[in-house]
Amino acid sequence: MNEDYSKVSKEIFTNLVNVVSQVTGLSTEIIFSKSRKAYVVDARRMMCYILREKYKLHWVEIRDLMGFKDHTAAFHHQEKAVFILKLGI
């Protein structure tokens with residue numbers, strides 16, 4: 001985690017990763033892997049949504065925390081999460 005981002009401490013991010021890991025039943029290694037399987041992407045999507053909505057992080061901050069190549073991945077994950085929540089799927 002980049003130390004410039006004071007909004008979310010390393011401890012908070014680690015706790016978030018652990019909670020998502022427990023809820024989804026996926027290891028943290030799988031969550032942060034390059035897998036494109038739907039259930040893995042859903043876990044990442046959940047994390048992006050929480051980081052954006054609860055902690056109000058910018059896309060670049062989420063990109064850096066999640067290890068994405070660019071900020072648009074974080075944007076699309078969060079937007080899809082909002083869409084799914086609105087549909088109630």
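All heavy atoms count here, side chains included; hydrogens, waters and symmetry mates do not. Sequence positions, counted from 1, serve as the residue numbers for this chain.
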Check: What heavy-atom pair brings A43 and V20 nearest, and what distance separates the two atoms?
Finding: O-CG1, 3.8 Å
Next item on the list: Treat each ILVMFWY residue as a node, draw an edge where side-chain heavy atoms are under 4.5 Å apart, and state whether V17 and Y39 are in one component.
Entry: yes
Next item on the list: Please say which of H58, Q78, M66, K56 ends up in a side chain to side chain contact (heavy atoms under 4.5 Å, CB included) with L51.
Entry: M66
Next item on the list: Start with the C-alpha gap between R52 and L57, add the side-chain angles, then the distance that decides, and say whether side-chain contact (heavy atoms from CB on, under 4.5 Å) holds.
Entry: CA-CA 5 Å; R52 180 69 176 179; L57 294 185; 5.8 Å; no
Check: Residues in ring pair (Phe, Tyr, Trp, His ring centres under 6.0 Å) with F75, at least two apart?
Finding: W59
Item checked: Test log, rule side-chain contact (heavy atoms from CB on, under 4.5 Å), inputs K54 and Y49 -> CA-CA 8 Å; K54 180 172 174 62; Y49 179 80; over 6 Å; no
Next item on the list: To the nearest 0.5 Å, tell me how far I50 CD1 sits from M47 CE.
Entry: 8.0 Å
Notebook entry, point to check: Atom CG in L65, atom CG in L16: separation rounded to 0.5 Å?
Noted result: 9.5 Å
Note to self: Within this structure, what is the CD1-CE distance for the pair I84 and M46, rounded to the nearest 0.5 Å?
What the structure shows: 10.0 Å
Margin query: Contact between R44 and S33 at the side-chain level, heavy atoms closer than 4.5 Å - yes or no?
Written below: yes
Margin query: Could you walk me through whether H71 and I62 satisfy the side-chain contact (heavy atoms from CB on, under 4.5 Å) test, starting with their C-alpha distance in whole Å, then the side-chain angles of each, then the deciding distance to 0.1 Å, before giving a yes or no?
Written below: CA-CA 7 Å; H71 70 282; I62 297 170; over 6 Å; no
Item checked: Gap separating the OG atom of S9 from the OH atom of Y55, nearest 0.5 angstrom -> 8.0 Å
Check: OG1 of T24 to CD1 of I31: how many Å apart, nearest 0.5 Å?
Finding: 4.5 Å
Note to self: Working to the nearest 0.5 angstrom, can you tell me the gap between D42 CG and L26 CG?
What the structure shows: 9.5 Å
